[in-house]
Amino acid sequence: VTMSSFFKKNAVSKSNCPRCGLGSHCSAPRMKVAGKGGQRILVIGDSPSALDDDKGAFYRDSTGRRLKQELRHLGISLRDDCWYVPAVRCRPALNSKGEAGEVSTAHITNCRPYIQGIIKELRPEKILLLGETALHSYYDDRNKQCTSMFKMAGMQIWDSTYNTWVFPIWSTALIEKKKHDTLLFSEYKRCLKRAIHTEVQPFEKKWNPTYKLRNFKKAIKALTNCLRNDTLIAIDYETTGLDMYKAGHSTASFAWANDEGSWAVPVQHPYWNPKQQEEIYALVQKILKKRKIKKIVQGINFEYPWTKQQMKAEPRGFIWDTQLATHIIDNRTGVTGLKFQCFVRWGIEDYDKISGKYIKSNSKTGFNDMLKMPVDALLEYNALDSLYTYELYKEQQEQLVGTELDAYHFMHNGAIVMCEMSFNGIRIKESFYLKQKKLLEQERDDLIDLINTSDEATQYTRQRGGNFDYNSPKDLQIMLFKVLKLKSRKETKTGHSVDAEVLQKIDIELTRNIIAVRKLNKMIGTYVDGFLKHTHDGMMHPSFSLARARSFRSSSQSPNFQNVPKRDPKAKRITRSGMVPRDGRVLGEMDFSGAEISTSCYYHKDPTFIKYQTEGGGDMHNDACSHILLNEKDTKMPKPLRQCTKGVWTFSQFYGSYYVSCAKQGWEEYPLCVEKDGSPCQVKGMDIGDWMKQKYGSYKGFENHLKKFQSIFWDEWFTVYTEWKDKVCRDYERDGFVETFLGFKFKGYMDSKQCTNYPIQGTSFHLLVYTAVQFLKECRKQGLETLIVGQVHDSLILDIPLEEIDDVKRILSTIVGNLHEVFKWMDFPMGLDLEISKSYEQGGSFASMEPLEL
DNA sequence: ACGATCAGCGCG
DNA sequence: AAACGTGCTGATCGT
């Protein structure tokens, strides 16, 4: 009787895990913790492999050997110094392909009690969570924000429940599986090294007291004292909602924290009578307006405009945003929340347990139940928020030094300008959108009728039962690939794709109608409705955040101002015509020409590339086009083909695409290129489609041609660019981060494309930030009334009084023209384009912008 | 009823 | 292995 058959026989009868059943097929179910734990390190891995199962113990496979080897390099023996255990103790069932199947949430949940039991029993000093299964096992029942290794890997987290330090680390099995990914491996080694080499002490922190100001006299005294004596405080509001421009909101309470403690006071709250409310409100206003009281906030995008709009106070001395600082320290997504920071830094869980349900706003009304919360809970929560913000600030002062601190200050100035432009807002003609909405809905409903009464819909109902929902990708998949028996050409994670590209290729009346309905629904739902929802008193205030994007770009929300249609003429007209200048003004838009292309040059310094990008260096897109279609250098190509090359080749390649994708796209798109009159583009006297067939024979021939061209492009044309890319990746492998000219550091796991794309994207945007900051400064200095009302990565949208157009032109030309003097790493100037609309009185709008001579 | 996730689609 | 980044909507699934 072999060991494995012995276990198989006994697996079910011995099981203590009746809910799971995973053990029933295993040779070695319910593996127990192993190792001697000499250094009190507990390693929690994912789950046993088939080989582990066969051998009857965890980490007996190549993954285990790899881990042992890496630990040995760090002077640690897995057997002697650690305890180790899989988070799911039975080998996962095989999937249909015979590979190790997925571990489910249920498996993790069922095994969790054992894991928690051994932690209590062993009381480890450090816990290494090796892989996502371990991460979920450890955190899912306590904190829903600790979800992915992309976000958590490399952190050092104090756990106040088990009094231990936790180190999430990439799964060793994943490292084994992705052997070729040297960048991931380097991250893995760094995480492991940090976990092993960090000397730990039990975490202790003494927290300042919180004061809940429920007595009016005491409240006045405390506020007055703050106003007179405080020079640095963290502030926080609890409010009835997030949309500060919507009527009917109130500031339920206000809290501030300093080195001694934190205080919270009801403000526009029925706890006080109206007269008391007035007095408190006035004092809070004075604190907000006093420049000498420096303020720290968590999320300036909210606190700053709320101060202006709801507290009717000019925000002064807002010197730090802990959210922005968190983002600068760690640019990975999902780390900036105060709750999350409290959890990972100080092991604080659930301080919003009571307040949580009151804070959640009703999705229809936009109001929450803040005023219904017991005052005591409200003040405690508010005080804690400001207290934690203050403590976070203090830790960030220690953490952010050198170039990263410079980067913070640069972004802080930018953030205030973003707040100002959001506060300014853009004028909206609501009547226009209301009217468009009706027209679009009519147009859509007619199409829906056609779809619902089509033969296909009848056939669908006859075959499958139920009605065909044109809007459901699931129904559409059934319709196209089951009922109509068409062949799927593109897959998604869970099924067959039915996106516009697929529908366009199928090209029957049904798919044409669905494409049209989708476009209309997008216009109605995302844009028209979105604009109306966020417009108050004829003004819309999109928010612009600098603390979200991994690339250190901005993002925009409520509504997103950065994705309003521009390429499709009809969509452009409908969505942009209702954005208009104020009385006696025009809308203006300045944008950098080829912002990211130029910025890439500042980094890679490729002479061939720079020559293209500067005066008289030829036209890169045309030359690539000529190579791709003719295999000739420098032949002048028809404009639409050149334009097509940008998307098919140049930009794709710069973002890291490769010849096969480019070939597929080019083989489809080039033949569709037409001249202005609608006739097919001509090459050597032939239609482009016919020419390509003749020249390359088949798709495969075209692909081979692009394979060769890719080598020419990167190894002959842009050798220096290629060398730069290699160096950036090597440096990241060595250092664990990539740094920009302005001191921003990209951290966490990145693949080679991200390593080289982020600095270009980020820096390009930062030139715009600088331009916006300088422009606002200059406008104020010169007493101009021009307003910045929006921003789209490489462009600024302005609302300009007619008489200031020339001033704006001059100021912008100066600032942008001098960028390369300010930033010495710019080898040549950034290009500038300017467009303006007609005045409001002449019907000008964001839909019709005309170039302005510079 | 509500959160999470996916697919789809808009922009630079 | 094979295109970077973002936000919003509606459908779907699970609690």
Side-chain angles (χ1 to χ4, degrees), chain A residues 104-106 144 147 178-181 184 331 333 357 360 362-364 469-477 490-503 514-515 518-531 533-534 542-546 548-568 571-572 575-576 591-592 594-597 599-600 647-665 707 710 746 750-762 764-765 768 790-795:
Chain A
S104 76
T105 311
K144 292 187 181 73
T147 46
K178 304 197 166 200
K179 280 199 172 94
H180 58 278
D181 192 340
L184 182 62
N331 68 310
T333 37
K357 60 178 175 185
K360 205 174 52 193
N362 182 312
S363 55
K364 280 192 188 114
D469 179 359
Y470 66 91
N471 225 5
S472 155
K474 214 179 149 214
D475 279 14
L476 189 51
Q477 277 181 61
K490 191 167 149 188
E491 306 306 313
T492 64
K493 210 191 274 186
T494 56
H496 311 298
S497 172
V498 288
D499 66 12
E501 192 196 329
V502 171
L503 298 188
I514 290 173
I515 291 173
R518 279 188 187 165
K519 280 206 160 169
L520 291 163
N521 272 338
K522 180 92 175 163
M523 279 192 256
I524 298 166
T526 301
Y527 299 108
V528 175
D529 283 347
F531 297 163
K533 181 180 167 192
H534 294 286
S543 177
F544 298 94
S545 174
L546 300 183
R548 296 177 84 103
R550 269 206 90 187
S551 55
F552 287 122
R553 264 191 175 185
S554 65
S555 72
S556 167
Q557 50 275 119
S558 316
N560 182 352
F561 185 71
Q562 296 177 323
N563 70 347
V564 185
K566 192 171 190 183
R567 296 163 197 169
D568 178 301
K572 177 181 176 181
T575 55
R576 292 165 98 109
D591 74 320
F592 294 146
E596 285 187 13
I597 293 284
T599 305
S600 80
V648 164
W649 184 263
T650 343
F651 285 117
S652 302
Q653 287 282 328
F654 290 147
Y655 284 136
S657 186
Y658 79 134
Y659 67 94
V660 176
S661 302
C662 295
K664 279 183 187 150
Q665 204 184 331
K707 186 177 181 179
Q710 184 171 289
F746 304 102
M750 296 182 279
D751 65 25
S752 57
K753 282 167 289 187
Q754 291 170 315
C755 285
T756 50
N757 284 335
Y758 287 170
I760 296 169
Q761 279 190 344
S764 164
F765 171 65
L768 184 89
Q791 164 268 125
V792 193
H793 306 307
D794 65 350
S795 76

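Everything numeric here is computed off the predicted structure, so don't read it as measured data. A note on names: the letters A, B, ... follow the listed sequences, proteins ahead of strands, and every chain is numbered from 1.
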Student: Are A/Val502 and A/His496 close enough, and set up right, to give a side chain to side chain contact (heavy atoms under 4.5 Å, CB included), and what steps lead you there?
Tutor: CA-CA 10 Å; A/Val502 171; A/His496 311 298; over 6 Å; no

Student: Check every strand shown and say whether A/Gln665 touches a base, only sugar-phosphate, or nothing at a heavy-atom separation below 4.0 Å.
Tutor: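 Counting heavy atoms under 4.0 Å across all strands, the contact made by A/Gln665 includes a base.
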
Student: Could you work out the separation of B/dA7 and C/dA2 based on their P atoms and round it to a whole Å?
Tutor: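 Result for the P pair: 16 Å, nearest Å.
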
Student: Examine B/dC9: is either OP1 or OP2 under 4.0 Å from a nitrogen or oxygen in the side chain of A/Arg518? Give yes or no.
Tutor: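 True: A/Arg518 side-chain N/O within range (under 4.0 Å) of B/dC9 OP1/OP2.
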
Student: If only atom types and distance count, is the side chain of A/Ser652 paired as donor or acceptor with the main-chain N or O of A/Gly647 below 3.5 Å?
Tutor: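 Confirmed, A/Ser652 side chain pairs with A/Gly647 backbone.
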
Student: Tell me the salt bridge (charged side-chain N to carboxylate O under 4.0 Å, His left out) pairs involving residues 490-503 of chain A, sequence neighbours left out?
Tutor: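 Non-adjacent pairs meeting salt bridge (charged side-chain N to carboxylate O under 4.0 Å, His left out): A/Lys490-A/Asp499, A/Lys490-A/Glu501, A/Glu501-A/Lys505.
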
Student: Once the angle between the rings of A/His793 and A/Phe765 is folded into 0 to 90°, is it parallel (under 30°), tilted (30 to 60°) or perpendicular (over 60°)?
Tutor: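 Perpendicular.
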
Student: Would you kindly check whether a donor in the side chain of A/Ser661 faces an acceptor in the base of C/dA2, or vice versa, at under 3.5 angstrom?
Tutor: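 Absent.
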
Student: Within a reach of under 6.0 Å around NZ of A/Lys664, are more than 12 heavy atoms found that belong to other residues, nucleotides or ligands?
Tutor: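 At most 12 heavy atoms, drawn from other residues, nucleotides or ligands, come within 6.0 Å of this atom.
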
Student: Any base atoms under 4.0 Å from A/Ser497, or only sugar-phosphate, or nothing? Heavy atoms, all strands.
Tutor: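 Contact class for A/Ser497: sugar-phosphate only.
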
Student: Separation of A/Lys357 atom NZ from B/dA1 atom C1', in whole Å?
Tutor: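 Computing the A/Lys357:NZ to B/dA1:C1' distance gives 16 Å.
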
Student: Once you measure the plane-to-plane angle for A/Phe544 and A/Phe561, does it fall in the parallel (<30°), tilted (30-60°) or perpendicular (>60°) bin?
Tutor: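 Answer is perpendicular, since the angle exceeds 60°.
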
Student: When all nucleic acid strands are considered with a 4.0 Å heavy-atom cut-off, which category describes A/Tyr758: base, sugar-phosphate, or nothing?
Tutor: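 It contacts sugar-phosphate atoms only.
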
Student: Provide, to the nearest angstrom, the distance between the NZ atom belonging to A/Lys533 and the P atom belonging to C/dG7.
Tutor: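 Whole-Å distance recorded here is 15 Å.
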
Student: Can you name the salt bridge (charged side-chain N to carboxylate O under 4.0 Å, His left out) partners of A/Asp751, sequence neighbours left out?
Tutor: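 Here no residue qualifies.
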
Student: Go through DNA chain B and write down every stem, that is, every run of at least three consecutive Watson-Crick or G-U wobble pairs with distances under 3.5 Å, as range with range.
Tutor: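 B:1-9 with C:7-15 - these are the stems of 3 or more pairs that involve DNA chain B.
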
Student: Without decimals, in angstroms, what is the distance between A/Phe552 CZ and C/dT6 C1'?
Tutor: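 The answer, rounded to whole Å, is 15 Å.
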
Student: Quick one: A/Trp649 CH2 to C/dA2 C1', roughly how many Å, whole number?
Tutor: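 From A/Trp649 CH2 to C/dA2 C1': 13 Å.
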
Student: From A/Phe654 CZ over to A/Thr756 OG1, what is the distance, rounded to the nearest 0.5 angstrom?
Tutor: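 Result: 11.5 Å between the selected atoms.
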
Student: Do side-chain atoms of A/Arg550 reach the backbone of A/Thr333 as a donor and acceptor pair under 3.5 angstrom?
Tutor: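 Side chain of A/Arg550 to backbone of A/Thr333, a donor-acceptor pair under 3.5 Å: no, none is there.
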
Student: Which residue, A/Gln557 or A/Gln754, contacts DNA chain C at a nucleotide closer to its 5' end, judged by nearest heavy atom?
Tutor: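 Counting from the 5' end, the first nearest nucleotide belongs to A/Gln754.
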
Student: Checking all strands, does A/Gly647 fall into the base, sugar-phosphate, or nothing category for heavy-atom contacts under 4.0 angstrom?
Tutor: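 Base contact.
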
Student: Sugar-phosphate means primed atoms, P, OP1 and OP2; the rest is base. With that split, encode nucleotides 10-15 of chain C 5' to 3' as B, S or - using protein heavy atoms under 4.0 Å.
Tutor: SSSS--

Student: Rounding to a whole Å, what distance do you find between A/Arg548:CZ and C/dT6:P?
Tutor: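 Taking atom P of C/dT6 as the reference, CZ of A/Arg548 is at 10 Å.
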
Student: Is the shortest side-chain N/O distance from A/Ser555 to OP1 or OP2 of C/dG7 below 4.0 Å?
Tutor: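 Yes, A/Ser555 has a side-chain N/O under 4.0 Å of OP1/OP2 on C/dG7.
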
Student: To the nearest 0.5 angstrom, please state how far the OG atom of A/Ser554 sits from the CZ atom of A/Arg548.
Tutor: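 Interatomic distance, A/Ser554 OG to A/Arg548 CZ, rounded to 0.5 Å: 11.5 Å.
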
Student: Tell me: CD1 of A/Ile515 to P of B/dA7, nearest whole Å?
Tutor: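 Nearest whole value for this atom pair: 19 Å.
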
Student: Are there any protein N/O atoms within less than 3.5 Å of an N/O atom in nucleotides 10-12 of chain B, and if so, which ones and at what distance?
Tutor:
residue	atom	partner	partner atom	Å
B/dG10	O4'	A/Tyr527	OH	3.4
B/dG10	N2	A/Asn563	ND2	3.4
B/dG10	N3	A/Asn563	ND2	3.2
B/dC11	OP1	A/Lys566	N	2.8
B/dC11	OP1	A/Arg567	N	3.0
B/dG12	OP2	A/Arg567	NE	3.4
B/dG12	OP2	A/Arg567	NH2	2.9
B/dG12	O3'	A/Asp794	OD1	2.7
B/dG12	O3'	A/Asp794	OD2	3.2
B/dG12	N2	A/Arg553	NH1	3.3
B/dG12	N2	A/Arg553	NH2	3.3
B/dG12	N2	A/Gln761	NE2	2.9
B/dG12	N3	A/Arg553	NH1	3.3
B/dG12	N3	A/Arg553	NH2	3.2

Student: Could you go over nucleotides 2-6 of chain B and give all protein N or O partners under 3.5 Å, atom names and distances?
Tutor:
residue	atom	partner	partner atom	Å
B/dC6	OP1	A/Lys493	NZ	3.2

Student: Over how many whole Å does the gap from A/Ile514 atom CD1 to B/dC9 atom P extend?
Tutor: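 One finds 11 Å between P of B/dC9 and CD1 of A/Ile514, rounded.
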
Student: With a 3.5 Å distance limit and no angle check, can you tell me whether A/Tyr527 reaches the backbone of A/Arg576 through a side-chain donor-acceptor pair?
Tutor: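 Checking the backbone N and O of A/Arg576 against the side chain of A/Tyr527, no donor-acceptor pair under 3.5 Å is found.
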
Student: Measure from the side-chain N and O atoms of A/Gln710 to the backbone N and O of A/Tyr659, and report whether any donor-acceptor pair falls under 3.5 Å.
Tutor: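 Side chain of A/Gln710 to backbone of A/Tyr659, a donor-acceptor pair under 3.5 Å: yes, one is there.
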
Student: For the residue pair A/Gln665 / A/Ser657, report whether a side-chain donor-acceptor contact shorter than 3.5 Å exists.
Tutor: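 Short answer, no.
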
Student: What is the distance from atom CG of A/Leu476 to atom CD1 of A/Ile514, rounded to the nearest 0.5 Å?
Tutor: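 Rounded to the nearest 0.5 Å, the CG-CD1 separation comes out at 4.5 Å.
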
Student: Rounded to the nearest 0.5 Å, what separates atom NE2 in A/His534 from atom CG in A/Asn560?
Tutor: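 A/His534 atom NE2 to A/Asn560 atom CG measures 10.0 Å (nearest 0.5 Å).
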
Student: Separation of A/Ile760 atom CD1 from C/dC4 atom P, in whole Å?
Tutor: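 Atom-to-atom, A/Ile760 to C/dC4, this comes out as 14 Å.
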
